[in-house]
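Please read these numbers as outputs of a predicted model, since none were measured by experiment. Keep in mind that the numbers below use all heavy atoms, side chains included, and drop hydrogens, waters and symmetry copies.
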Amino acid sequence: MDAGTTASSEAPLPQIEAGRTVLTIGVVVARSGRLSSLGDPLDFALAELAPHLHRLAPRGTRLRIAGRDSKSTADGARQAVTELVRDERARIVLTLAGTQVLPVVADTCDSLGSVCISSTFPWQVYYYGRGDRPLNRAFHFCWGLDDIAEVFADLWERAAPDGPAVGCLWNDGPQGNWSRHHIHGFAPVARGRGHRLVDPTGYHEPATDFDTHLRAFRDSGAELVTSAATTRDLTLFRSRAAEFGWHPRLITCSRWLAYPPTATCSDSQEGQDNVGTLVYWTPVHPYRSSLDGTTAAELADAYTQRTGRPWLQPLGLAYALFEVAVHALRAADDPTDPDAIAKALHRTNIQSMAGRLDWTSGPVPGVAVVPLAGGQWQLPAGHTYDLAVIAAGSVAGLRPTADLVVG
């Protein structure tokens with residue numbers, strides 16, 4: 001479907017097999033391209049749950065899962081949703097995606113008459129970023145820019161109790177522009193905590209130098225830096241800062257740093273040493289599945305055992321997507337009707353692998369908030385990188401695992 005094509009809002013009729021209605025959960029997963037690190041945990045959750053679909057289906061139905069590669073692009077995502085809804089007859093489409101991809105998945109689902117459930121995208125950007133175009137069947141769970149600001153302020157105040165200025169390493173794209181938004185962004189919350197922000201200019205990605213930022217940070221007396229940079233650009237910034245002779249006490253960064261350094265940085269891992277970041281899911285989170293009681297620790301261990309790779313934070317959110325979808329199908333008055341599924345989601349309040357997900361009291365319609373903690377990538381002597389929990393933030397029952405390391 002081309003971007004300008006007007007699609008029917010009626011989803012195709014469901015399939016019938018052996019007298020049972022077939023309910024399809026579609027999954028838009030990035031199996032290729034720059035977002036493929038999000039696709040890995042989603043593919044794993046899909047494979048983990050597939051053998052148990054027979055017992056998870058609503059009475060009188062058969063449940064199946066169909067996936068399509070978004071190719072990490074808007075066009076690929078649009079095509080993936082179209083195939084899932086029109087060819088696979090998916091009533092619900094799930095995704096973990098990024099700035100350019102996730103809005104397209106939600107928009108295309110809505111135009112084709114299917115329900116979209118998504119995550120890993122700050123809810124203000126997801127909701128306000130589409131302007132005045134409300135989506136009737138789109139549901140999202142994630143933290144907010146305000147939550148990130150609160151978590152990072154906790155880390156800044158541990159690193160520098162005297163409250164020096166905070167340099168803002170923000171780009172000129174959606175991440176930076178929404179971070180500095182005067183109402184819905186990161187900046188007003190950070191300033192509300194008493195922090196002075198220094199935001200010299202938005203840089204274009206990929207960055208070539210950061211001399212303007214470094215001069216502004218040095219001249220303002222900033223001793224802390226906050227960012228939403230890619231790992232590549234953050235590594236470049238730290239290298240240039242060392243050449244410049246300027247050494248911040250702490251850098252906090254929200255983008256990509258939810259992953260182990262080995263999963264995101266092929267050229268250098270130095271960009272993540274002792275960087276503070278957001279923590280939304282770890283094996284020590286006191287969460288368990290609403291489907292079978294699996295704990296966060298058990299899920300992380302299963303991932304490591306089956307893949308041979310370290311656990312990833314998005315694993316908890318990926319698993320929770322399926323929990324929400326199954327709950328909605330079971331709770332809907334008619335699980336074949338997308339509007340009935342949407343009504344069920346508006347009533348949903350469950351404890352999941354991602355924590356409590358409550359759409360009955362979200363900040364805006366169709367959004368449930370995921371609680372955040374503050375962490376830091378640390379490299380103990382002789383060990384691999386560890387995402388240490390420094391501050392529990394809004395995660396009830398979570399205990400810190402390490403002290404903050406400052407420069």
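Relative orientation of the His184 and Trp178 rings is tilted, given thresholds of 30° and 60° on the angle between their planes.
Ring-centre distance between Phe139 and His346: below the 6.0 Å cut-off. Residues Trp170 and Tyr203 keep their aromatic ring centres 6.0 Å or farther apart. The distance between the ring centers of His195 and Trp156 falls below 6.0 angstrom. The aromatic ring centres of Trp281 and Tyr287 sit 6.0 Å or more apart.
The line from CD1 of Ile251 to CD of Gln376 is 10.5 Å long, rounded to the nearest 0.5 Å. Atom CG of residue Leu299 and atom CE of residue Met353 lie 4.5 Å apart, to the nearest 0.5 angstrom. Put simply, OG on Ser227 and CZ on Arg238 are 11.0 Å apart, with the number rounded to the nearest 0.5 Å. The structure places CD1 of Ile117 at 11.5 Å from OG1 of Thr95, a figure rounded to the nearest 0.5 Å.
The two residues Asp110 and Asn136 come nearest to each other via the heavy atoms OD1-N, 3.2 Å.
Of the possible donor and acceptor atoms, one in the side chain of Thr295 sits under 3.5 Å from a partner among the backbone N and O of Glu298. Checked by atom type and distance alone, the side chain of Asn171 pairs as donor or acceptor with a backbone atom of Gly176 at under 3.5 Å. Judged by distance alone, with hydrogens and angles left aside, the side-chain atoms of Ser70 form no donor-acceptor pair with the main-chain N or O of Ala77 at under 3.5 Å.
Side-chain atoms of Thr230 and Glu205 form no donor-acceptor pair, as typed in the model, at a separation below 3.5 Å. Judged by distance alone, the side chains of Tyr280 and Asp147 never bring a donor and an acceptor atom under 3.5 Å apart.
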**OP:** Determine, stepwise, if the pair Arg158 / Asp403 fulfils salt bridge (charged side-chain N to carboxylate O under 4.0 Å, His left out).
**Re:** CA-CA 10 Å; Arg158 291 170 184 245; Asp403 294 326; over 6 Å; no

Original post:
Can you check side chain to side chain donor-acceptor pair (under 3.5 Å) on Thr24 and Arg64, steps first, answer last?
Top reply: CA-CA 5 Å; Thr24 300; Arg64 62 185 292 266; 3.1 Å; yes

Original post:
Given Thr252 and Thr226, is the side chain to side chain donor-acceptor pair (under 3.5 Å) satisfied, shown in steps?
Top reply: CA-CA 5 Å; Thr252 55; Thr226 195; 3.0 Å; yes

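A 4.5 Å side-chain heavy-atom check between Phe121 and Thr99 finds at least one atom pair inside the cut-off. Side chains of Glu323 and Ser289 form a contact here, defined as non-hydrogen atoms less than 4.5 Å apart. At least one side-chain heavy atom of Tyr128 sits under 4.5 Å from a side-chain heavy atom of Val364.
Figure legend: cation-pi geometry between Arg130 and Tyr126, with NZ or CZ positioned under 6.0 Å from the six-membered ring centre and within 45° of its axis.
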